[in-house]
Amino acid sequence: MATGIGYDVHKLEKGYKLILGGIEIPHSKGLVGHSDADVLTHAIIDSLLGAAALGDIGDHFPDTEEKYKGIDSQVLLQKTMAIIAAAFVSEKENYAAQFNIINIDATIIAQAPKLASYKEAIKNNLAKTLKISPNKINIKATTEEHLGFTGSENGIKAVAVSVIGSN
């Protein structure tokens with residue numbers, strides 16, 4: 001068993017979509033980034049790569065590469081699973097047979113919008129992408145009581161912890 005921690009932050013601006021865990025959330029502002037700027041999925045990717053001791057999201061999907069511009073972060077999450085699987089054994093089609101995700105616990109830090117009604121959809125979407133039971137994922141959301149850049153609605157951040165094991 002191994003544990004990894006992930007963290008990501010993106011700026012909020014008008015004219016962009018707000019994507020969290022692959023789900024589009026209605027809001028007057030969206031996250032700015034090279035990809036779809038899904039801070040939650042990026043934090044989860046980093047936590048999974050950390051658990052596997054395989055660097056971070058920037059090592060595998062650098063924002064200097066044009067092929068990742070605007071990419072759906074769920075695609076990056078699938079690619080991350082394949083990278084980890086290749087590190088655990090040889091390259092096989094069924095990465096779920098090579099290692100397993102024991103648990104993912106993640107927190108989204110955002111003053112607005114309120115995310116309670118989206119947590120279940122986010123969890124189910126991530127579980128579908130990862131090909132695991134939604135019971136292995138916990139999504140939380142909190143504010144910073146109007147403090148700092150998240151409290152002033154200038155950005156959103158996310159933190160994730162993943163535990164993985166080999167089969």
Side-chain angles (χ1 to χ4, degrees), residues 3-13 15-52 54 56-58 60-61 63 67-85 93-143 150 153 155-165 167:
T3 303
I5 299 170
Y7 171 86
D8 196 35
V9 59
H10 282 275
K11 182 179 179 180
L12 275 170
E13 280 188 11
Y16 292 87
K17 292 181 180 180
L18 176 55
I19 309 288
L20 295 170
I23 301 295
E24 187 172 344
I25 311 292
H27 191 51
S28 62
K29 296 179 180 178
L31 295 169
V32 180
H34 186 71
S35 66
D36 63 3
D38 182 340
V39 293
L40 176 60
T41 301
H42 295 178
I44 291 170
I45 288 170
D46 267 347
S47 69
L48 290 166
L49 289 168
L54 293 172
D56 63 34
I57 192 170
H60 298 279
F61 314 110
D63 62 7
K67 66 182 176 181
Y68 299 124
K69 185 163 180 59
I71 195 167
D72 181 339
S73 292
Q74 299 306 293
V75 172
L76 298 180
L77 185 54
Q78 291 170 336
K79 290 178 180 289
T80 299
M81 296 296 285
I83 290 165
I84 296 169
E93 291 294 315
N94 183 5
Y95 54 76
Q98 297 172 40
F99 78 99
N100 62 7
I101 294 172
I102 296 166
N103 180 261
I104 295 172
D105 185 31
T107 303
I108 306 162
I109 300 101
Q111 192 63 44
K114 296 297 182 193
L115 298 170
S117 63
Y118 298 100
K119 292 190 306 184
E120 195 69 23
I122 290 169
K123 179 168 79 167
N124 288 331
N125 190 63
L126 289 166
K128 180 181 171 188
T129 299
L130 292 166
K131 299 178 183 170
I132 63 173
S133 168
N135 295 335
K136 293 185 173 197
I137 301 173
N138 188 52
I139 303 296
K140 302 182 297 285
T142 190
T143 71
T150 58
E153 297 184 48
I156 293 178
K157 55 187 167 183
V159 179
V161 176
S162 294
V163 180
I164 63 172
N167 289 338

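- Residues satisfying the side-chain contact (heavy atoms from CB on, under 4.5 Å) test with Asn103, not counting sequence neighbours, are Asp105.
- In terms of heavy-atom proximity, Leu31 sits nearest to Ala37 at CD1-O, 3.2 Å.
- The CG atom of Leu40 sits 9.5 Å away from the CG atom of Asp8 when rounded to the nearest 0.5 Å.
- You'll find the side chain of Thr142 reaches within 4.5 Å of the side chain of Thr107, heavy atoms only.
- Not counting sequence neighbours, the partners of Ser73 by the side-chain contact (heavy atoms from CB on, under 4.5 Å) test are Ser35, Asp36, Asp38, Thr41, His42, Leu76.
- Judged purely by distance below 3.5 Å, without hydrogens or angles, the side chains of Thr150 and Gln111 never pair a donor atom with an acceptor atom.
- With a 4.5 Å cut-off on side-chain heavy atoms, Ile45 and His60 do not count as touching.
- With hydrogens and angles disregarded, a donor-acceptor distance shorter than 3.5 Å links the side chain of Lys29 to the backbone of Glu153.
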Side-chain atoms of residues 114-125: list all donor-acceptor pairs with protein atoms under 3.5 Å, sequence neighbours left out, distances to 0.1 Å.
from   : atom 1 : to     : atom 2 : distance (Å)
Asn124 : ND2    : Glu120 : O      : 3.2
Asn125 : ND2    : Gly21  : O      : 2.8

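- For the atom pair NZ of Lys128 and CD of Gln74, the computed distance is 10.0 Å after rounding to the nearest 0.5 Å.
- Between Gln78 and the options Thr129, Ile83, Leu130, a side-chain contact (heavy atoms from CB on, under 4.5 Å) holds for only Thr129.
- When each of Ile137, Ile104, Leu49 is tested with Ser162 by the rule side-chain contact (heavy atoms from CB on, under 4.5 Å), just one qualifies, namely Ile104.
- Counted within 6.0 Å of OH on Tyr16, heavy atoms from surrounding residues, nucleotides or ligands total 12 or fewer; the atom is thus considered open.
- A distance of 11.5 Å separates NZ of Lys131 from CD1 of Ile101, quoted to the nearest 0.5 Å.
- Looking at heavy atoms from C-beta onward, Leu48 lies out of side-chain contact with Asp46 at the 4.5 angstrom threshold.
- Across all their heavy atoms, Ala158 and Val39 have their closest contact at CB-O, 3.7 Å.
- Evaluation of the side-chain contact (heavy atoms from CB on, under 4.5 Å) rule for Lys67 yields Glu65 as partners, not counting sequence neighbours.
- Between the CD1 atom of Ile132 and the CG atom of Asn100 there is a distance of 9.5 Å, given to the nearest 0.5 Å.
- Minimum interatomic distance between Ile156 and Ala110 (heavy atoms only, all atoms of both residues): CG1-CB, 3.7 Å.
- Residues passing the side-chain contact (heavy atoms from CB on, under 4.5 Å) test with Lys79, sequence neighbours excluded: Phe61, Val75.
- Between Thr80 and Leu54 there is no side-chain heavy-atom pair separated by less than 4.5 Å.
- With a 6.0 Å radius and a threshold of 12 heavy atoms from other residues, nucleotides or ligands, Lys11 has its NZ atom at or below the threshold.
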Steps toward side chain to side chain contact (heavy atoms under 4.5 Å, CB included) verdict (Ile139, Ile108): CA-CA 8 Å; Ile139 303 296; Ile108 306 162; 4.1 Å; yes
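- Scored by the side-chain hydrogen bond (donor to acceptor under 3.5 Å, both in side chains) test, Ser28 finds no partners at all (sequence neighbours excluded).
- The neighbour count for Lys17 NZ, taken as heavy atoms of other residues, nucleotides or ligands under 6.0 Å away, does not exceed 12.
- Heavy atoms only, all atoms of each residue included: Ser47 and Gly6 are closest at CB-N, 3.5 Å.
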